[in-house]
Novice: 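Questions regarding the structure given below will be posed in turn.
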Amino acid sequence: MKNHFKYIQSPCYVLEEGKLIKNLELLHKIRKATGIKIILALKGYAMWSTFSLIKQYLDGAAASSLNEALLIYEEMGLKAHTYAPAFLPDEFQKIFSLSSHITFNSITQWKQYEHYFLNSEVKAGLRINPEYSEIKHDIYNPAINGSRLGIIKKHLPEKLPQGISGLHFHVMCEQDSYVFERVLREVEKAFSNYFSQIEWLNLGGGQLITHKDFNTKHLINVLNTFKNKYPWLELIMEPSEAIGWETGFLKATVLDIVENNGILTAILDVSFSAHMPDTLEMPYKPSIRGADSNNLYPYKYRMGGVTCLAGDYIGDYTFPEPLQIGDEIIFEDMIHYTMVKTTFFNGVKHPSIGIIKNDGTFQLIRKFNYLDYKNKLS
Ligand SMILES: Cc1ncc(COP(=O)(O)O)c(C=O)c1O
């Protein structure tokens with residue numbers, strides 16, 4: 001394998017700025033064509049060194065905790081659209097001061113905090129659970145039977161509590177405009193009797209708008225049709241993955257190659273468990289640049305993580321040439337739901353974070369050291 005990124009230290013998450021801008025331009029186009037608000041949900045992408053860039057294209061950001069709301073305020077200079085399954089009493093005052101919209105997961109939560117909203121500009125909403133979703137993996141499905149996320153129709157009073165000005169739903173994951181259309185239809189069927197009582201509707205995330213097969217024209221049509229029907233509603237979409245989708249990679253390096261009963265494992269300086277957790281959680285097999293996920297090439301290897309977890313590996317992959325110690329391995333599409341979910345499990349070295357700028361130069365943004373590990377413990 002050729003080491004194309006020799007000038008980048010290993011391991012390192014590398015954002016390719018030009019690809020991020022391409023995604024942002026598409027989202028900006030949809031905002032312009034529909035008049036809806038599109039905000040970045042921090043849960044999947046919180047690379048704050050790019051927030052000033054993102055702010056040029058989107059309407060703001062969504063938080064699901066005090067830390068995320070603080071980051072939005074500090075690095076975007078904006079108040080957040082905040083939702084959490086429950087708010088911590090000792091954090092709520094601060095969250096309130098950092099938010100433009102706050103969505104509650106239950107009527108009980110709303111009752112606990114409604115007094116904050118008297119004579120205030122901050123908008124309050126309720127998360128509804130449409131009990132409809134086409135997500136195949138239960139772990140990512142907020143609409144499974146018994147879900148704790150959102151209020152189901154039979155629990156919502158016919159007249160919304162005074163002070164509630166919006167509704168919010170989120171029941172999609174990596175899906176297209178046709179799923180979105182069906183979800184919207186179900187929400188409309190079950191909840192349109194509330195639309196005359198609200199001013200804003202948050203459509204959640206999970207629309208993979210920047211995927212190459214996503215039909216943006218269709219999405220624009222669906223949104224405009226809905227908007228024409230309910231012109232008083234401010235519509236908000238809060239994707240995360242669509243912002244970071246295919247905007248960069250994780251550079252790793254082969255440290256050793258071991259063999260056991262014919263299985264060759266390349267031991268890397270990264271971990272699936274600590275640095276690419278979705279690969280084990282979903283699970284899915286990430287693409288490696290220059291390698292094949294099946295049997296296209298003659299040299300077959302399993303990719304092994306550097307932690308002691310027995311299951312910290314993914315394979316097999318085939319390569320056109322035998323791997324050597326020191327070869328770089330480029331895991332594609334490793335910007336979203338990676339940096340926000342990493343751990344210091346086993347104390348293993350945390351990948352650095354860098355950007356290949358639009359002009360081709362590489363900028364190292366952040367390196368991690370022993371104190372980052374130690375300060376997380378006590
Ligand atoms: C409430 C809410 N909004 C937005 C998102 C972002 O979803 P995605 O990254 O799939 O676009 C999530 C993801 O879990 C979510 O729970």
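For the numbers below, each heavy atom of this structure counts, side chains included, while hydrogens, waters and symmetry mates do not. Whatever order the structure lists ligands and atoms in, that order sets their numbers, starting from 1.
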Novice: Residues two or more places apart in sequence or in another chain: which of them pass side-chain hydrogen bond (donor to acceptor under 3.5 Å, both in side chains) with R182?
Specialist: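 Residues passing side-chain hydrogen bond (donor to acceptor under 3.5 Å, both in side chains) with R182: E134.
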Novice: Hey, what polar pairs (N/O, under 3.5 Å) does ligand 1 make with protein?
Specialist:
| from | atom 1 | to | atom 2 | distance (Å) |
| --- | --- | --- | --- | --- |
| ligand 1 | 3 (N) | E238 | OE2 | 2.6 |
| ligand 1 | 9 (O) | E241 | N | 2.9 |
| ligand 1 | 9 (O) | Y337 | OH | 2.6 |
| ligand 1 | 10 (O) | G206 | N | 3.4 |
| ligand 1 | 11 (O) | G206 | N | 2.8 |
| ligand 1 | 11 (O) | S240 | N | 2.9 |

Novice: Among residues at least two apart in sequence or on other chains, which ones pass salt bridge (charged side-chain N to carboxylate O under 4.0 Å, His left out) with E186?
Specialist: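 Salt bridge (charged side-chain N to carboxylate O under 4.0 Å, His left out) check on E186 returns K189.
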Novice: So, H168 and T103: side-chain donor and acceptor under 3.5 Å apart, yes or no?
Specialist: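 Not at all, the side chains of H168 and T103 share no donor-acceptor pair under 3.5 Å.
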Novice: Could you work out, with side-chain hydrogen bond (donor to acceptor under 3.5 Å, both in side chains) as the rule, every residue matching E241, not counting sequence neighbours?
Specialist: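 So E241 forms no side-chain hydrogen bond (donor to acceptor under 3.5 Å, both in side chains) with any residue.
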Novice: One thing to verify: whether D278 and K341 come together as a salt bridge, which I'm taking to mean a side-chain N less than 4.0 angstrom from a carboxylate O.
Specialist: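 Salt bridge between K341 and D278, a charged N being under 4.0 Å from a carboxylate O: yes.
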Novice: With no hydrogens and no angle check, do the side chains of D316 and Y301 hold a donor and an acceptor under 3.5 Å apart?
Specialist: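 No, no side-chain donor-acceptor pair sits under 3.5 Å.
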